[in-house]
Amino acid sequence: MPTCWFVSEDDRHKPIQLPHQQALILGRGPETKIKDQKCSRNQVELRADCNRGFIVVKQLGTNPTNVENVIVGKGNQVPLKPGQKLCMVNQLYPYTVRFIEDTSTFGSTGEGNKPVKRHYQNDFHGDEKAKEGPACKMSTPSHTEQASNGASVAEKATPQKAEPAGHWSQGLKVSMQDPKMQVYKDEKVVVIKDKYPKARYHWLVLPWESISSLTALRADHCELLKHMQKVGDRMIKQCPDAQKLRFRQGYHAIPSMSHIHLHVISQDFDSPCLKNKKHWNSFTTDYFIDSQEIIAKLERDGKVSVKEGMGELLKLPLCCHVCRKEQATIPKLKDHLKTHLPS
C-alpha cells in the first residue's frame with residue numbers, strides 16, 4: 001500500500017506522513033512551523049485513504065482553509081487529491097499531498113514508516129475543541145446554500161461518507177447537467193437558476209469546460225468569458241423587469257463552489273434567501289468582481305489573481321448599495337431597501 005505525505009509547497013518543514021485512515025490534526029505549531037495567530041492550533045483534520053489515493057480535509061479552525069481556492073468552511077470536509085493545493089489559512093501556507101510506494105524518497109530521518117503522532121489539544125484562543133479518537137463523519141449542507149454564503153455553514157444535514165465526486169462543493173457540476181435546472185444552453189455554456197437566489201432574478205452562467213476558479217483562468221479563456229457575459233446580457237434582455245431593475249454580472253473573489261460561474265443578479269436584493277451579512281457583502285462589496293474587470297485582467301495579464309484578505313470583506317458593516325447608509329441588522333437593511341425599489 002502506498003504511503004501518504006503532506007508536503008509544504010514553500011518548504012517550511014519536511015513532509016509529514018499521514019497514516020492510513022487515521023485522523024491527524026495540524027495547524028499553528030512546531031510541526032508546520034506556522035506562527036500566524038489567525039491559524040488555529042487545530043486548523044485542519046486530515047484523514048488519508050492510501051488505497052484510493054486522496055485525503056479528506058476537515059476544517060476545524062474559524063478562519064478559512066482553502067482547497068483549490070474553494071473555502072472548506074468550519075465543520076465541513078472536502079477531498080484533496082494529488083495535484084491539488086490546500087492553503088492552511090487565509091490562502092496562505094500552501095500544501096499538496098503525495099502518495100508514494102518507496103518511502104526512501106521522503107524523510108531522511110528514517111521515520112518514513114512510523115505513524116505520525118499529534119496530541120489533540122484545545123486551541124489557544126478557545127475557538128474550537130478537538131477530541132481524541134476517531135473523527136466523526138461530517139454532515140454537509142445543500143450546495144447552492146453554500147455558494148450563496150461565500151463561506152460555508154453546516155446545519156441539519158444527514159451524516160455521510162466523504163466522496164470526492166459527491167461533495168457539496170462539486171454540486172454545480174451536477175446541477176448544470178440536470179435538464180430541470182437548465183434555462184439556457186449552447187455548445188459553450190449552460191445557464192441555471194440559483195436555488196437560493198439573493199434577488200428577484202439570479203442566474204448562474206457556467207462553462208461546459210471544467211475550470212475550478214478564477215485563478216485557473218488563462219489567456220485563451222478570454223473568448224469564453226466574453227461569451228458568458230453575452231449570454232448573461234441575453235438573460236437580462238429577456239427578463240420581464242429588465243426596464244425597471246438594474247443588473248450586475250460578476251464573480252465572487254473566493255467562491256465556495258468548485259466550478260467557475262458568472263452571477264447574473266438583479267440589484268433589488270428582494271429575496272427571503274438573503275439572510276446574513278455574508279450573503280449581503282458577497283454581492284455588494286469588492287468581493288463581487290464585475291465580469292468586465294475579470295476579462296480586462298485576463299487580457300492584460302494572461303491570468304487573474306485574487307488579492308489577499310478578500311474574505312475580510314464579508315465581515316464589513318451592512319451598508320446600502322445604493323445610498324451607502326449603514327444598517328444595524330438584516331431586517332432593518334431589508335426594510336431600507338424597499339425605499340429604493342421601483343414603484
Side-chain angles (χ1 to χ4, degrees), residues 4-19 22-48 55-80 84-97 115-141 146 149-155 162 167-169 253-256 276-278 287 306 308-316:
C4 178
W5 298 86
F6 194 54
V7 183
S8 171
E9 287 273 273
D10 48 13
D11 296 322
R12 284 188 319 281
H13 56 81
K14 292 181 180 180
I16 299 172
Q17 186 177 355
L18 304 182
Q22 294 183 34
L24 174 71
I25 292 181
L26 292 174
R28 186 176 79 251
E31 298 97 332
T32 62
K33 299 192 184 330
I34 295 174
K35 299 180 181 179
D36 188 341
Q37 292 294 315
K38 293 184 178 180
C39 181
S40 167
R41 294 185 186 277
N42 299 328
Q43 180 66 27
V44 294
E45 177 188 277
L46 309 176
R47 186 185 293 271
I55 69 173
V56 175
V57 179
K58 177 181 172 184
Q59 180 181 321
L60 302 178
T62 300
N63 291 315
T65 295
N66 293 72
V67 172
E68 288 293 281
N69 294 307
V70 176
I71 296 173
V72 178
K74 186 175 180 180
N76 293 323
Q77 57 186 26
V78 299
L80 178 69
Q84 295 182 327
K85 183 172 70 173
L86 175 148
C87 290
M88 187 68 75
V89 69
N90 292 334
Q91 295 188 305
L92 300 173
Y93 317 111
Y95 286 86
T96 56
V97 59
V116 177
K117 295 182 179 180
R118 172 80 158 93
H119 293 291
Y120 290 68
Q121 55 189 321
N122 293 343
D123 179 75
F124 180 77
H125 296 291
D127 57 353
E128 66 271 339
K129 293 183 179 180
K131 295 181 179 180
E132 294 188 16
C136 295
K137 295 173 184 176
M138 289 305 301
S139 314
T140 53
Q146 293 289 353
N149 276 347
S152 46
V153 182
E155 54 184 310
H167 187 263
W168 60 261
S169 66
I254 310 173
S256 58
N276 57 50
K277 182 183 287 189
K278 289 179 180 178
Y287 193 90
V306 177
E308 290 185 13
M310 292 296 280
E312 295 299 308
L313 296 175
L314 299 176
K315 302 176 184 178
L316 291 174

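For F6, the ring-ring contact (aromatic ring centres under 6.0 Å, His included) test picks out Y95, with sequence neighbours left out. D11 meets the side-chain hydrogen bond (donor to acceptor under 3.5 Å, both in side chains) test with no other residue; sequence neighbours excluded. Remark: T32 pairs with no residue by the side-chain hydrogen bond (donor to acceptor under 3.5 Å, both in side chains) rule, at least two apart or across chains.
With hydrogens and angles ignored, the 3.5 Å screen pairs a side-chain donor or acceptor of Q59 with a backbone N or O of T65. The backbone N or O of C39 lies less than 3.5 Å from a partner atom in the side chain of R28, making a donor-acceptor pair. The backbone N or O of L92 lies less than 3.5 Å from no partner atom in the side chain of N90, so there is not a single donor-acceptor pair. Between the E312 side chain and the L316 main chain, no donor and acceptor come within less than 3.5 Å of each other. E68 places a side-chain N or O within donor-acceptor distance of the main-chain N or O of K85, the cut-off being under 3.5 Å.
Here the CG atom belonging to N66 is positioned 6.0 Å from the CD1 atom belonging to I254, to the nearest 0.5 angstrom. Taking CD from Q43 and NZ from K74, the interatomic distance works out to 9.5 Å, rounded to the nearest 0.5 Å.
A donor atom on one side chain and an acceptor atom on the other are not found under 3.5 Å apart for S40 and N42.
Few gaps surround NZ on K277; more than 12 heavy atoms of other groups in view lie less than 6.0 Å from it.
Ion pairing between D10 and R12 holds under the 4.0 Å rule for side-chain N and carboxylate O.
For the residue pair Y287 and G311, the shortest heavy atom distance occurs at CE1-CA, 4.3 Å.
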